[in-house]
Structures are given as C-alpha cells and as structure tokens.
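What follows is a short report on a single structure.
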Amino acid sequence: MDFTIVGSGIVGLNCALTLRKKHPKSKILILEKGTLPHGASTKNAGFACFGSISEILEDLKHHTPDEVLQLVQKRWDGIELLRKNLGDKAIDYQRLGGHELFSTQDSELFNNCLEQLDTVNDLLLPVFNQAAFQQHPNEFGFRKIKETYVTNPFEAQINTGLMMQTLLNLVRTSRVTIMNATTVQDFTELTTGVRVKTSNFDFHTRKLLIATNGFASKWLNEEVKPARAQVLITKPIKGLKIKGTFHLDKGFYYFRNVEDRILFGGGRNLDLKTEETDNFGITTLIQERLEELLRETILPDIPFEIEQRWSGIMGMGLKKRPIVKQLSDHVACGVRLGGMGIAIGSQVGKELADLI
Ligand SMILES: Cc1cc2nc3c(=O)[nH]c(=O)nc-3n(C[C@H](O)[C@H](O)[C@H](O)COP(=O)(O)OP(=O)(O)OC[C@H]3O[C@@H](n4cnc5c(N)ncnc54)[C@H](O)[C@@H]3O)c2cc1C
C-alpha cells in the first residue's frame, strides 16, 4: 500500500481526495473502525459557524487580535472550500443566520458583548466586509433570556449526513478503498515505511496518516483529549417558527431547526470529568437538563416529544488550533478539530495530505 489513512471522518476523506489528485496512480486505503464512519463527522449538529461573539471575546483573552482574525478567516475559508468542493445542494447549505442568546442572569457577559460589538466587527471586517455581529430582537419568543440576541447573518447550517454521503461517494469513485469494521491497533515505523497491525490483518504501507480526532490520544497522549457531546432531536413540531442556529450559555448549549424539528446539544460543562471519554453514551444529568431548557427556554408552551438521543466524540486540547504534523518519517496526523470540524475539516484533510 502507498498511503493508508486511519479514520473516515471529514478529515480522512478530504485527505484521501487530495492524495488522489496529487498521486493519480497510487494505492490509497482508508481504515475505519465503524461499520460506517463512527466519529464526530456523522454525529454533529451541522453548524457552519465561525465563533459567537462571546467565544471571540474569550479567544481575545488568550490570543492576539491578529491571531483571532486568522482563526476566523480560516473558518470562513474552510466553509467556502467545503461549499466549493461539494456544492451547496449536496450538503443542504442554508444560510439562515446564527444567534447568541444570553440568559437573564448573565448581565455582565451580555453587557460586555454589546460594549465590544463595534471593536469585534472592526477586527473582523477583512473577513466579512461588513459588520459581522448585530443586535437582533427576540423574534422567536425564547424565555428566560435577554430580549436581544447577538446575530451573525453569515452563519449557516448543513445536513451532515448528506455531506458525509457525498464525500464517501467521491472517495469511492476516486478509486480509494475503504475498509470498514477494521480498527488500527498499533503500528511500527520501519526504514521503508510502516508496519500496521489491525483487528483483522497486518500489512505494510509506505505512509500512514492518522485522522482519528477524539480517538487520537492513544498515539498523541496529552495533546488531544476526547470530549463526549450529547445531543437530542425532537419529533416534528407543527408550525415551528424557529429558524437558524443558536448558541446559549457561552456556547455550552447549541440548537437549531432541522426543518420542523429542534436539534439540541450541549451540557458537557455539567460534568466535564465524566464527559472526557471516548465511550459513546448518554447520561440522565445532561439529558434532563437539555429537556428542561427545551421546556423552559426554547419551546415554552409548545408541546414536543423527543425522537432520538445520541452522543459523539470530539477531540479537544488546551489550544484551539488543530494538530497537523509529522510524527515520524512515514507517519503524520491531522487531529483535534474541537467543535469546528465543519469549518476546518476540509482544509485540515488537505494539509495532512500535503504534509506527507
Ligand atoms: C455532538 C457533536 C456536535 C458537533 N457539532 C458541530 C457543529 O455543529 N459544527 C462543527 O463545525 N463541528 C461540530 N462538531 C465537531 C465536528 O463534528 C468534528 O470537529 C469533526 O467531525 C471532526 O472530524 P474528523 O474527521 O477529524 O474526526 P471524526 O469524524 O471523529 O473521524 C475519526 C474517525 O476515525 C475512526 N477511528 C478512530 N480510531 C480508529 C482506529 N484505531 N482505527 C480505525 N478507525 C478509527 C472513527 O471511527 C471515526 O470515524 C460536533 C461534534 C459532536 C460530537
């Protein structure tokens, strides 16, 4: 084998497509432990976002303004790349706008965000060419929140399932082999390449590219930590008016409409220790809080039922930037995408392929 990629998420698949373009005749293999892609790329909330106002102000505490500008520019460019590669129809891209909501008790954060609105807009002008953040009245009738949202009209949503299906089709028609239900257990660097041990067989590859995101701590130790995120989706709600993507409580909660349903996730901050795991699962503590917020804040007086609940594993770390680096002569990785994989996944996959 010439190139072996571990993981068939957005990064692994984009890496394979870039490799195919650069090396038309090479043998490329993707190994995926799930029967389908089993990571965050098939389980996420579908926000095509750049960071809410409070998130950007938080970033400005730890990075220079220029670094924050570059971070947002990368996310913007990444979403444009995803749209260019796959087409808006194939991912059901809808620019419905994104809103940050502030709880009535969060006056300090709310006032600070409003005070800094112009400064942040000036900083991000090179990206958006107009004021990115605007004040917006509480038009959807949410309760227990300030009556003004901070809205970014450029924020959008996509259908993650469609995105992954399109990517998988492209990869398969590019003569890349995908082997599912095959876990990479270990590998050994040799002078000529890498010996790879999987749950099904051992083999030799010239280059190994690791795109396992939240499952990468096995090979990268402290640099990337798994972070479980729990989500639910309601059954269709008759006459639902809510449209767009929404961030609540500094981004610890997020929801959006999926046609006439509400997809709602978050609450990791209620029990960070338990949620630092790469085991799938849902907990009563977090699921009950999600339902409470649905009843009291998001859908007050609107009856709803939960259709489905699930969890996914993200890759987080002390720094926000992804890790795209060579680990040895024949091994490289592109991991730790945090909560921004839709925005940066295509580019990270490409950078990983370019690196090797
Ligand atoms: C619930 C949830 C909501 C999210 N919402 C959003 C959002 O709205 N917007 C956004 O931009 N981002 C969101 N994210 C984050 C985003 O989904 C991720 O950043 C992105 O999908 C990461 O892609 P990836 O390809 O790096 O990793 P993954 O998609 O996790 O892919 C890694 C793959 O590697 C496979 N694998 C792992 N170990 C092995 C092994 N040893 N052998 C073989 N295969 C292996 C896994 O099965 C998996 O398929 C969310 C994440 C979650 C969990």
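Note that ligands are numbered from 1 as they come in the structure, with each ligand's atoms numbered from 1 the same way. What's counted below: heavy atoms across the whole structure, side chains too, no hydrogens, waters or symmetry copies. We number each residue from 1, following the sequence as shown.
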Check for me whether Gly214 has a heavy atom closer than 4.0 Å to any atom of ligand 1.
no
So is there a nitrogen or oxygen of Gly34 less than 3.5 Å from a nitrogen or oxygen in ligand 1?
no
Got a salt bridge between Asp186 and Lys197, using NZ or NE/NH1/NH2 to carboxylate O under 4.0 Å?
no
Close approach, Thr160 and ligand 1, non-hydrogen under 4.0 angstrom:
no
I need the nearest protein heavy-atom contact for atom 42 (N) of ligand 1: residue, atom name and distance, please.
Val184 N, 2.9 Å
Contact between Gly345 and ligand 1, counting heavy atoms under 4.0 Å?
no
Polar contact flag for Ala40 and ligand 1 (N/O pairs, less than 3.5 Å):
yes
With a cutoff of 4.0 Å, is Gly265 in contact with ligand 1, counting heavy atoms of the residue only?
no
Atom 15 (C) of ligand 1: the protein heavy-atom neighbour that sits closest, reported with distance to 0.1 Å
Gly338 O, 3.4 Å
Flag the pair Met1 / Thr4 as yes when at least one side-chain heavy-atom distance between them is below 4.5 Å, and no otherwise.
yes
Under 4.0 Å, heavy atoms only, figure out whether ligand 1 is touched by the backbone of Gln230, its side chain, both or neither.
neither
Within 6.0 angstrom of Lys241 NZ, more than 12 heavy atoms from elsewhere
no
What do we get for Thr182 next to ligand 1 when only non-hydrogen atoms under 4.0 Å count, side chain, backbone, both or neither?
backbone
Closest protein heavy atom (residue, atom, distance) for atom 1 (C) of ligand 1
Val231 CG2, 3.3 Å
Between Phe3 and His23, what is the ring plane arrangement, given parallel below 30°, perpendicular above 60°, and tilted in between?
tilted
Considering both backbone and side-chain atoms of Ile10, is one of its nitrogen or oxygen atoms within less than 3.5 Å of a nitrogen or oxygen in ligand 1?
yes
Regarding ligand 1, does Lys33 bring an N or O atom to under 3.5 Å of one of the ligand's N or O atoms?
yes
